[in-house]
There are 2 protein chains.
Amino acid sequence: MIARKREAPAHVALARRLGVSIVTGERPPGSALPGEIDLAESFGVARSVIREALRMLSGKGLVVSKPKSGTRIRERHEWNLLDPQLLGWMFEGAAPPLTFVRSLFQLRLIVEPAAAELAARQRTPRQLSRLGYALEEMTSYGLDSEPGRAADQQFHAIILKATSNELLVSLSASISAAVRWTTLFKWRAGEPRDSLPEHQRLFDAIARSDAAAARAATVGLIGQAALDTEQAIAKLGEAEVA
Amino acid sequence: MIARKREAPAHVALARRLGVSIVTGERPPGSALPGEIDLAESFGVARSVIREALRMLSGKGLVVSKPKSGTRIRERHEWNLLDPQLLGWMFEGAAPPLTFVRSLFQLRLIVEPAAAELAARQRTPRQLSRLGYALEEMTSYGLDSEPGRAADQQFHAIILKATSNELLVSLSASISAAVRWTTLFKWRAGEPRDSLPEHQRLFDAIARSDAAAARAATVGLIGQAALDTEQAIAKLGEAEVA
DNA sequence: AACAGAGTATTTGTCTCACAAATAAGCGAG
DNA sequence: CTCGCTTATTTGTGAGACAAATACTCTGTT
């Protein structure tokens with residue numbers, strides 16, 4: 001059972017519902033949302049709840065409100081796409097557009113190999129040891145188990161932290177929120193290839209502070225994930241059509 | 001004259017004030033904000049305004065509210081550092097910490113050269129022509145003028161768009177919000193070196209679809225900016241101490 | 001008929017008050 | 001001293017009213 005938060009406050013739940021309906025394209029950019037009074041009525045909550053939800057969305061650049069003209073959905077390029085919540089919302093409905101998934105993996109291929117290089121150069125012995133422990137856990141539990149996936153997240157989080165660049169950490173936190181969903185897709189479409197050997201290679205490279213090898217291993221890891229994910233989406237796409 | 005918005009709504013202004021006081025470290029992570037009633041009183045607004053401002057901040061991961069325990073400032077690594085507004089707030093007070101500026105330029109050195117490579121490969125003739133126009137304007141107005149700086153922004157925005165990767169666009173939009181402030185610092189500390197030759201090199205590389213040269217030119221551009229900015233901060237730091 | 005201006009209606013923005021729900025802290029029993 | 005209950009405080013939600021801004025309409029003028 002997923003450790004679902006018992007119950008989010010109404011304004012948070014509302015922001016999610018509205019946010020999902022926007023990022024999935026159900027409500028297109030340029031269009032106007034119903035007035036706050038109408039929204040409150042149709043969702044069965046007070047106007048204050050609606051307003052607080054809208055403020056969260058406007059903070060992410062999704063909407064803009066003006067007196068008399070109402071609340072309109074902003075153009076997609078004005079959205080704060082790197083917001084972790086927003087990225088998560090992208091994967092709430094069906095599979096996201098293929099172009100978006102490709103953009104995501106392209107960004108990963110730019111950022112994460114560079115991060116691995118930095119980590120290989122700057123990691124402390126303590127970080128290396130924690131990295132080894134995470135790798136052990138991944139190996140023993142396997143990527144198809146919950147603790148195994150948690151160890152995987154941990155593994156990559158430690159690498160990021162080792163870069164000692166808080167912007168990189170923040171960026172990858174956003175990305176991994178989305179990656180988590182692509183991983184889910186992969187498993188839903190069938191057992192993907194085993195990524196443990198590549199993880200092992202990455203660990204070894206970081207252990208001997210070999211930046212070039214760390215980069216290569218990361219590129220391999222992401223390239224493999226990109227392939228598997230594309231195939232999974234294609235497969236699930238067929239299933240949906242059928 | 002800067003096209004300053006006449007007057008932001010109270011909740012937006014409030015979010016900014018509180019946000020700045022948080023990201024500048026004035027209110028440290030872990031500490032609790034005053035209660036909503038107290039905040040409303042001290043700022044002379046209604047509680048609803050306070051709440052809407054807090055919802056914006058919580059959407060950016062800055063704070064978390066719980067009944068009875070109040071609203072607490074979250075740990076820095078939980079912040080959504082890539083939020084453009086948040087990044088802007090970092091530069092509102094005095095100069096930001098040197099480590100942060102270094103992280104920023106390190107991230108630029110990872111992302112923007114890769115983007116330049118992609119742009120060199122994928123740019124359309126139309127984009128190349130617009131790029132040339134922006135370069136012309138930069139040359140004629142000079143980087144020390146407002147229209148010149150606007151053309152500079154435009155120049156880099158076109159390159160990003162040419163990557164046809166919306167996540168890269170979003171990321172660089174965030175970054176450039178911050179870069180704008182570093183540029184200001186540079187000019188305040190004295191006339192920086194002329195970056196037009198490097199811009200010209202970058203344009204030429206993109207024009208002949210030479211990805212490697214585009215990367216090299218971008219690395220040069222950012223490296224130069226990083227140096228100038230560090231010197232500027234050091235200089236201004238001296239001035240402040242004196 | 002085209003246009004400019006004032007007026008109006010609608011929508012968000014702000015304020016007030018009230019109560020519900022959750023929970024941290026204090027209190028008391030064992 | 002520990003555990004469980006009570007309670008007080010704080011956020012969460014609700015209802016209603018008025019203010020402010022502005023898109024729209026309607027009128028009067030050219």
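Throughout, a chain's letter reflects where its sequence line sits, starting with A, and its residues are numbered from 1. The structure displayed is predicted, hence computed values, not measured ones.
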**Message:** By the salt bridge (Lys or Arg N to Asp or Glu O under 4.0 Å) test, which pairs, at least two apart or in different chains, include something from residues 59-73 of chain B?
**Reply:** B/Lys60-B/Asp83

**Request:** Please list all pairs passing the salt bridge (Lys or Arg N to Asp or Glu O under 4.0 Å) test where one or both residues lie in residues 123-139 of chain A, with sequence neighbours left out.
**Result:** none

**Prompt:** Is it true that B/Arg149 and B/Glu146 make a salt bridge, defined as a side-chain N closer than 4.0 Å to a carboxylate O?
**Reply:** yes

Distance-only criterion, 3.5 Å: show the donor-acceptor pairs between side-chain atoms of residues 24-33 of chain A and protein atoms not counting sequence neighbours.
from	atom 1	to	atom 2	distance (Å)
A/Thr24	OG1	A/Val20	O	2.7
A/Arg27	NE	A/Ser21	OG	3.0
A/Ser31	OG	A/Pro28	O	2.6

**Prompt:** Could you walk me through whether A/Met56 and A/Gln85 pass the side chain to side chain contact (heavy atoms under 4.5 Å, CB included) check?
**Reply:** CA-CA 11 Å; A/Met56 292 206 230; A/Gln85 291 182 356; 5.6 Å; no

**Prompt:** So which heavy atom on A/Leu62 is nearest to which on A/Ile22, and how close?
**Reply:** CD2-CG2, 4.1 Å

**Set of ring pair (Phe, Tyr, Trp, His ring centres under 6.0 Å) partners for B/His156, sequence neighbours left out** = B/His199

**Prompt:** Which whole-number value in Å describes the distance from B/Leu54 CG to D/dG12 C1'?
**Reply:** 13 Å

**Prompt:** Any sub-3.5 Å donor-acceptor pair from A/Ser174's side-chain atoms to A/Ser170's backbone N or O?
**Reply:** yes

**Message:** At under 4.0 Å between heavy atoms, how does the protein contact nucleotides 4-17 of chain C? Give one character per nucleotide, 5' to 3', with B, S or -.
**Reply:** ------BBBBBB--

**Request:** Kindly calculate the angle separating the two end axes of the helix from C/dA1-D/dT30 to C/dG30-D/dC1, each obtained from five base pairs, and round it to 10 degrees.
**Result:** 10°

